[in-house]
Protein chains: 2
Amino acid sequence: MDARSPTSSRQSPWLPFESRRRARDEKREAVLRMAVQLFLEQGYHRTTLNDVAERLNITKPALYNYFRGKDEILFECWAIGNERVDDCITGIASGGGTGLAKLRKLIVSYAEVMTTDYGKSLVRFDVRDLTEHNRRIVNTAKRKIDRAFRDYIAEGIADGTIKPCDPKLSAFAIAGSLNWIGHWFHPGGPMAAQAIAEEFAIRLTEGIATTSTRKKAGKPPRKTKTSREDRSEHHPRTAARAAGQSQRARNRLR
Amino acid sequence: MDARSPTSSRQSPWLPFESRRRARDEKREAVLRMAVQLFLEQGYHRTTLNDVAERLNITKPALYNYFRGKDEILFECWAIGNERVDDCITGIASGGGTGLAKLRKLIVSYAEVMTTDYGKSLVRFDVRDLTEHNRRIVNTAKRKIDRAFRDYIAEGIADGTIKPCDPKLSAFAIAGSLNWIGHWFHPGGPMAAQAIAEEFAIRLTEGIATTSTRKKAGKPPRKTKTSREDRSEHHPRTAARAAGQSQRARNRLR
DNA sequence: CCCGTATATTACCCACGGGTAAGAAATAGT
DNA sequence: ACTATTTCTTACCCGTGGGTAATATACGGG
């Protein structure tokens with residue numbers, strides 16, 4: 001059965017009787033990688049902590065060395081995805097450009113995140129499975145993302161690059177299309193993540209942009225796909241990432 | 001607490017010590033109305049059959065007179081929503097019009113369904129909570145809906161009312177926006193369901209339509225349609241409805 | 001080599017909730 | 001009014017799975 005499909009990057013750090021001295025954080029992340037994968041594959045409620053532990057060659061109580069409980073694992077998966085979106089937003093906010101340009105950038109980045117496991121967790125996980133405290137954090141973050149879409153649209157209307165429209169409704173329409181990616185996209189499919197992202201950036205803005213954005217004919221479809229290590233949550237660890245969200249930084253009090 | 005908010009149409013037919021002789025089907029539908037409401041409000045897994053029964057002034061085992069189990073209740077909720085979408089599709093297919101016109105009609109109808117409880121169940125419920133058999137039915141129906149979107153787009157490209165584009169990707173983009181309605185729409189909000197539906201029909205097609213669809217100023221928003229009894233799953237029982245799906249017709253074998 | 005700490009295991013607890021059995025209460029038919 | 005049938009209730013079963021306690025094993029430092 002299953003024969004250890006090569007999908008999920010490298011193996012678990014707990015190879016049965018082998019060097020088991022990985023750094024704590026690496027193991028923690030390995031748990032999250034496996035958990036998000038199983039949560040997406042089977043659904044949160046159908047995934048037991050035994051499932052997660054078993055696939056990592058450990059037992060359930062060992063997980064409690066790294067997490068307070070199941071809901072915290074869920075939250076941390078979500079937090080990683082949110083961190084990535086948040087990086088996109090701050091990156092776009094720092095750079096200049098018209099409202100339309102910013103909106104397109106956001107669409108591309110957001111769409112790409114949506115094709116990753118952690119990105120999917122932003123829309124596939126149910127906020128009601130979290131504690132009251134974490135649920136509030138999630139809702140705040142969601143409002144921030146929504147605000148980014150609306151602000152860029154409003155900015156575009158103000159600077160003339162976007163036709164007058166209701167920013168709220170347009171943001172819902174765009175975000176809906178993008179979030180839906182997290183439901184249908186599967187890495188093995190015919191379209192590469194990056195190609196989808198760029199296609200959506202055009203498609204979703206060509207209705208509201210003032211300048212006609214008919215695809216420049218000369219552009220060859222060579223986009224090289226997501227290139228190396230295409231699937232499996234690459235976790236770039238770019239410098240200056242630590243400034244992301246305030247929560248989640250502390251490596252568990254212990 | 002809650003004070004019996006006026007959202008959910010009329011009360012349960014099992015008022016504690018009152019005429020309890022409602023027809024079987026009415027009670028069955030009352031169960032479904034309450035169930036879909038609770039499933040949406042609390043989530044399927046957090047809603048117990050006791051919750052459903054209690055709010056109907058009965059006890060859990062009484063539900064088993066009408067349904068085989070929890071997952072069947074879920075399925076029937078989904079089936080009602082699907083029936084409505086299916087009616088839209090067959091209605092559009094029977095009438096004529098360009099590809100673009102059909103697509104717009106579908107968007108309007110689908111969006112309106114998405115603002116109802118049963119419509120939301122199409123996108124908020126998890127297929128994996130169903131039995132293998134019912135899951136197959138759901139997936140088949142979903143493919144049919146997807147096909148309708150793609151076909152109308154392809155038709156529009158063929159008849160020149162829609163710009164050349166990838167029907168699959170465009171269908172995903174449009175369906176994503178519409179499905180998302182089922183996540184954010186709440187009947188108490190500032191926008192009426194019908195207004196949203198018509199706005200989306202314009203917004204989602206203005207990018208791919210060949211004819212400029214800038215909102216014709218003269219069009220008064222009188223469309224009547226869903227008009228009276230706007231919320232709360234009115235269940236029109238229109239004639240010739242029974243021909244809908246083959247499944248679900250039989251009132252449980254018993 | 002010994003001890004303290006971190007890490008993992010085995011063996012358990014128990015609340016929750018879907019589902020069932022047996023029988024009471026209402027209903028319909030004649 | 002008596003019976004057959006449907007409908008509903010009380011009382012229970014039990015599998016599941018999150019979480020914990022006690023303990024064993026590995027590891028690092030002196």
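The sequence lines fix the lettering, A, B, ..., with proteins before strands; numbering per chain opens at 1.
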Considering only side-chain heavy atoms of [X], which listed nucleotide, [options], is closest?
X       : options               : answer
B:Lys60 : D:dG19, C:dG19, C:dA8 : C:dG19
A:Pro61 : D:dT7, C:dT9, D:dT10  : C:dT9
A:Tyr64 : D:dT20, C:dA8, D:dT7  : D:dT20
B:Lys27 : D:dG18, D:dC8, C:dG19 : D:dC8

Whole-Å gap separating [atom2] ([N]) and [atom1] ([X]):
X        : N      : atom1 : atom2 : answer
A:Glu72  : D:dG19 : CD    : C1'   : 14 Å
A:Glu54  : C:dA8  : CD    : C1'   : 16 Å
A:Arg28  : C:dA8  : CZ    : P     : 13 Å
A:Asn65  : D:dA21 : CG    : P     : 14 Å
B:Leu49  : C:dG19 : CG    : C1'   : 9 Å
B:Ile73  : C:dG18 : CD1   : C1'   : 11 Å
B:Asn50  : D:dA11 : CG    : C1'   : 13 Å
A:Asp129 : D:dG17 : CG    : C1'   : 14 Å

Query raised in the report: Phosphate oxygens OP1/OP2 of C:dA6: is one of them under 4.0 Å from a side-chain N or O of A:Arg24?
Result: no
Query - Side-chain N,O (A:Thr59) to OP1/OP2 (C:dT9) below 4.0 Å - result: yes
Query raised in the report: Side chains of B:His183 and B:Lys120: does their closest heavy-atom pair fall under 4.5 Å?
Result: no
Report task. State, yes or no, whether a side-chain contact exists between A:Ile89 and A:Tyr110 at a heavy-atom distance under 4.5 Å. Result -> no
Query - Cation-pi geometry met for A:Arg150 and A:Phe172 (6.0 Å, 45°) - result: yes
Report task. Establish, yes or no, whether the cationic atom of B:Lys70 lies under 6.0 Å from the six-membered ring centre of B:Phe75 and within 45° of the ring axis. Result -> no
Report task. Of all the heavy-atom pairs spanning A:Leu49 and A:Leu63, show the shortest one and how long it is. Result -> O-CD1, 3.6 Å
Query raised in the report: When only distance counts, do a donor and an acceptor, one from the side chain of B:Lys70 and one from the base of C:dG17, lie under 3.5 Å apart?
Result: no
Report summary line: Residues of residues 38-48 of chain A with a heavy atom under 4.0 Å from any atom of DNA chain D, listed by number, are A:Thr47, A:Thr48
Query - Under-4.0 Å salt bridge between B:Asp129 and A:Arg46 - result: yes
Query raised in the report: What's the spacing between A:Thr47 OG1 and A:Arg55 CZ if we round to 0.5 Å?
Result: 9.5 Å
